[in-house]
4 protein chains.
Amino acid sequence: MVSRDPQPVGRPRESRVDQAITRAVRELLAEAGYARLTMDAVAGRAGIGKAAIYRRYATKQEMVFAAAVHGEALEVPADTGSLFGDLTALARVIISHLTNPAASTALLHLLGDIATDPTLAESFTTTLIEPEREGNAEVLRRAVRRGELEQLPDIDVFHAAFGGAVLSWLFLSRHDPHDLPERLARFACAALQASDSEAQDPVRPGREW
Amino acid sequence: MVSRDPQPVGRPRESRVDQAITRAVRELLAEAGYARLTMDAVAGRAGIGKAAIYRRYATKQEMVFAAAVHGEALEVPADTGSLFGDLTALARVIISHLTNPAASTALLHLLGDIATDPTLAESFTTTLIEPEREGNAEVLRRAVRRGELEQLPDIDVFHAAFGGAVLSWLFLSRHDPHDLPERLARFACAALQASDSEAQDPVRPGREW
Amino acid sequence: MVSRDPQPVGRPRESRVDQAITRAVRELLAEAGYARLTMDAVAGRAGIGKAAIYRRYATKQEMVFAAAVHGEALEVPADTGSLFGDLTALARVIISHLTNPAASTALLHLLGDIATDPTLAESFTTTLIEPEREGNAEVLRRAVRRGELEQLPDIDVFHAAFGGAVLSWLFLSRHDPHDLPERLARFACAALQASDSEAQDPVRPGREW
Amino acid sequence: MVSRDPQPVGRPRESRVDQAITRAVRELLAEAGYARLTMDAVAGRAGIGKAAIYRRYATKQEMVFAAAVHGEALEVPADTGSLFGDLTALARVIISHLTNPAASTALLHLLGDIATDPTLAESFTTTLIEPEREGNAEVLRRAVRRGELEQLPDIDVFHAAFGGAVLSWLFLSRHDPHDLPERLARFACAALQASDSEAQDPVRPGREW
DNA sequence: CATTAATCGAGACGGTACGTCTTGTCTTGCA
DNA sequence: TGCAAGACAAGACGTACCGTCTCGATTAATG
């Protein structure tokens, strides 16, 4: 019989500390930005010692990821009855997450560390990327069930383009996102339905060319 | 009459130093990564003093941007004769830039600083985003001239989705980019032609819905 | 009741670090001189971080003073049985301190900062000047007890002239100090006894004038 | 015939520059102290380029010495008719020089560099120490001529003690110098006359002991 | 109840990068 | 050639941050 959950010995960790860390990280990210998010500042704001943080997270990145990004998993928006409606709602959800001050600031900074931190990369994939891809897939499956699409499209490309579009719009082009959901949904909708009919009827491409 | 080109006084800056800085930054980024790109290392590698760097760039970010990102403007790929071909080529160009070791590492780290550094943001827009958008527009204009599209689509959304897709594919999903150009071009091509016909003939949408 | 000895909180400072700093400063002063005594060199030699130094001393001067000058208080030489003997011994002690490589190099450089650094000036007075003056006074009191002098002379002037003579001899005139103790002691002895008798018998000055 | 004063070629140096340097050094020493006396500050204040300074002086020390210390040679005070009077006047001259803000600040800082800069040491000796010693000797020779002393005492020791006393009084003990001339002159006078009579009449020491 | 072991806040530690400053040299164009 | 302006290489300065460690006190579960 394997020993699991080795009986903890000694004083148990206080959940108060976990909460204080998360709270402090989010507040500091929103108030002062990532640049002034130091471990000492977090400990000071949370009223705890630095050791209590490092007992939970091995690095600053891990802490920030856990406190500001993790748990922000995208919920799949409710069925609106149409692919266009679902995609609009999906875009709104992504935008709302990426415009959250704490999460977005942290996200962009952590992105750079992914290349050299396999653990962080793994967390990103498991916690954010995969669930989001699954959410996208769910929206597309609905459209298939509804009859709007004959079959599932290239989900990976769709996922990259849809999420990537919001990312690029907000943080590279830095445009106003207020009418992005409709415009992006229209674009994506067209792409999906066109590739769908093309895939079904390869002899009749979208247009003669 | 305004006085322009104010007569320079004193010893002029040496272009040798500018080149040495750029070269050192790129080498160090490729060799050691952003984390070990220190100002002292740059100065040492370039055989110059730190003051010579700070005389040119106010911050490390500015230096890295100028040395590793600036001048990496995307060239518009040659006309391949078809929208699909052009988009495939465009994706290849973007991928090749984003997989360049120096540029990509730097880019992701700088991204996080854009939010709090208006100067950096301005540089990004002027140097990278706008030229790239213009390149995308040129590809689309070719398709219009060719007759593949009736009219120009929503360029901003296309730009965000196309570039964002590559970004997301490489750095968020971390997939292999070898077949991305074709898959992405197919997706984008479909979207463009579908929205195009839809816009031209609103009574006959791509499919019944 | 006043609270004193406020309960120390947090990790206490390690005396090992204090000793390492002191040792490193002295070694570097003796080996390389004041000019090459850098904070980084001290930290490196001591095997500690620079922060550990700045946690203890606000400035380089303070560190050097504490490490190389403080604690070098002049011991009063043992009673030799005569004023002349005591003064000779006193001169020897002063010379040995001022020719100590670490202390002397530091001393001269710190001297210049006294004018603009009240804290340093205070330290100098308390730690060096006052004890030395007291040592001089003790030697003179012995002579009074012995009967060599009727009463204590102008101690301030004696102190300035005796110590100042060594200082000037070594660092301004840069003479060899080997026979200075006897010559200086003879001079001072004469001055003291002459002023003494003059003070006792003002009608009969040392000589007619 | 030896070639002397090698015919200067090219544009002659402007004395305006020499004066501006000297003036700037003295002003800055008096205003801001030695710590803020930088070569750039001197050049800026003087309205000249740094090269013009380094064309004249090889190092900062040399410049400071030349501008603030050199030319401050002690004039021998006029004969007052008595040794006591002459010594009082001599002390006053030394004090007035050492309390000059520019000279004194510079002097103390340069002192520390003497140990490692033979050129500076040579300048000190030639320019300051020797003339001062000669001035002291002149005062003593007057006393011999006057009959106050039978023969010249140990001039080196006297010189060290007299000048050193003022140095120590002002910069180590940091006492008020207002009554120092009289007190020091009385002390020195007694010393000189006592050693004098002792040397003349060794069987009758200053006092019986 | 006493022991044990891990927790807690506080803060010192080694290491290292930052951006600024200073020194002494060099390079422009002008006089 | 001298000069003002200012760039240059070298490197020290004092600050800040990270992740680790140490202190005395606290807090359950175990013996």
Side-chain angles (χ1 to χ4, degrees), chain A residues 7-14 16-17 35-41 43-44 46-55 57-61 63, chain B residues 7-14 16-17 35-44 46-60, chain C residues 7-14 16-17 35-44 46-60, chain D residues 8-14 16-17 35-41 43-44 46-61 63:
Chain A
Q7 196 61 15
V9 175
R11 176 176 176 175
R13 293 193 183 162
E14 298 178 20
R16 171 183 65 84
V17 172
R36 266 173 287 185
L37 181 80
T38 68
M39 298 307 268
D40 287 274
I48 59 170
K50 278 205 293 176
I53 302 178
Y54 282 103
R55 214 172 283 122
Y57 312 108
T59 65
K60 181 182 174 181
Q61 282 80 23
M63 176 194 73
Chain B
Q7 191 65 14
V9 172
R11 178 177 177 175
R13 297 196 180 161
E14 298 180 21
R16 171 184 64 83
V17 171
R36 263 172 287 184
L37 181 80
T38 69
M39 299 306 269
D40 287 274
V42 171
I48 60 170
K50 277 204 292 178
I53 302 178
Y54 283 104
R55 210 173 286 120
R56 290 165 169 76
Y57 311 109
T59 64
K60 184 181 174 182
Chain C
Q7 189 66 12
V9 171
R11 178 177 177 175
R13 298 199 178 158
E14 297 179 22
R16 172 184 64 85
V17 171
R36 264 173 287 184
L37 181 80
T38 68
M39 300 306 267
D40 286 276
V42 172
I48 60 170
K50 277 205 290 178
I53 302 177
Y54 284 106
R55 212 172 284 123
R56 290 166 168 75
Y57 311 108
T59 64
K60 185 180 173 180
Chain D
V9 174
R11 177 177 175 177
R13 294 191 183 163
E14 297 178 19
R16 169 184 65 85
V17 172
R36 267 173 286 187
L37 182 80
T38 68
M39 299 307 268
D40 286 275
I48 60 171
K50 279 204 294 175
I53 301 177
Y54 282 103
R55 211 171 285 121
R56 290 165 170 76
Y57 312 108
T59 64
K60 181 182 174 181
Q61 282 79 24
M63 176 194 74

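Lettering follows sequence order; numbering is per chain, from 1. Values reported hereafter were calculated over all heavy atoms of this structure, with side chains retained and with hydrogens, waters and symmetry mates removed.
Note: CD1 (B:Ile53) to P (E:dT20) measures 12 Å, nearest angstrom. Across the protein-nucleic acid pair, A:Met63 atom CE and F:dT20 atom P stand 14 Å apart, rounded to whole Å. C:Asp40 has its CG atom 13 Å from the C1' atom of F:dT15, to the nearest Å. In this structure, CE of B:Met39 is placed 9 Å from C1' of E:dC18, rounded to the nearest angstrom.
Between A:Leu37 and A:Lys60, the closest heavy-atom pair is O-NZ, 2.8 Å. Between C:Ile48 and C:Ala52, the closest heavy-atom pair is CD1-CB, 4.3 Å. Of all heavy-atom pairs spanning A:Ala43 and A:Gly49, the tightest one is CB-C, 4.1 Å.
The residue A:Leu37 sits close only to the backbone: its heavy atoms come under 4.0 Å of sugar-phosphate atoms, none of a base.
An OP1 or OP2 oxygen of E:dG19 is reached within less than 4.0 angstrom by a side-chain nitrogen or oxygen of B:Tyr54.
Along DNA chain E, the nucleotide nearest to C:Gly10 and the one nearest to D:Lys60 differ in position, and the one closer to the 5' end is contacted by C:Gly10.
Take C:Arg13 and apply the side chain to side chain contact (heavy atoms under 4.5 Å, CB included) test, not counting sequence neighbours, and it matches C:Arg55, C:Arg56.
To the nearest 0.5 Å, atom CD1 of residue D:Ile53 and atom CE of residue D:Met63 are 5.5 Å apart. One finds the CE atom of A:Met39 at 7.5 Å from the OG1 atom of A:Thr59 (value rounded to the nearest 0.5 Å).
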Where do N or O atoms of nucleotides 8-11 of chain F meet protein N or O atoms at under 3.5 Å, pair by pair?
residue: F:dC8; atom: OP1; partner: B:Glu14; partner atom: N; Å: 3.1
residue: F:dC8; atom: OP1; partner: B:Arg56; partner atom: NH2; Å: 2.8
residue: F:dC8; atom: OP2; partner: B:Arg55; partner atom: NH1; Å: 2.7
residue: F:dC8; atom: OP2; partner: B:Arg56; partner atom: NH1; Å: 2.9
residue: F:dA9; atom: OP1; partner: B:Gly47; partner atom: O; Å: 3.4
residue: F:dA9; atom: OP2; partner: B:Gly49; partner atom: N; Å: 3.0

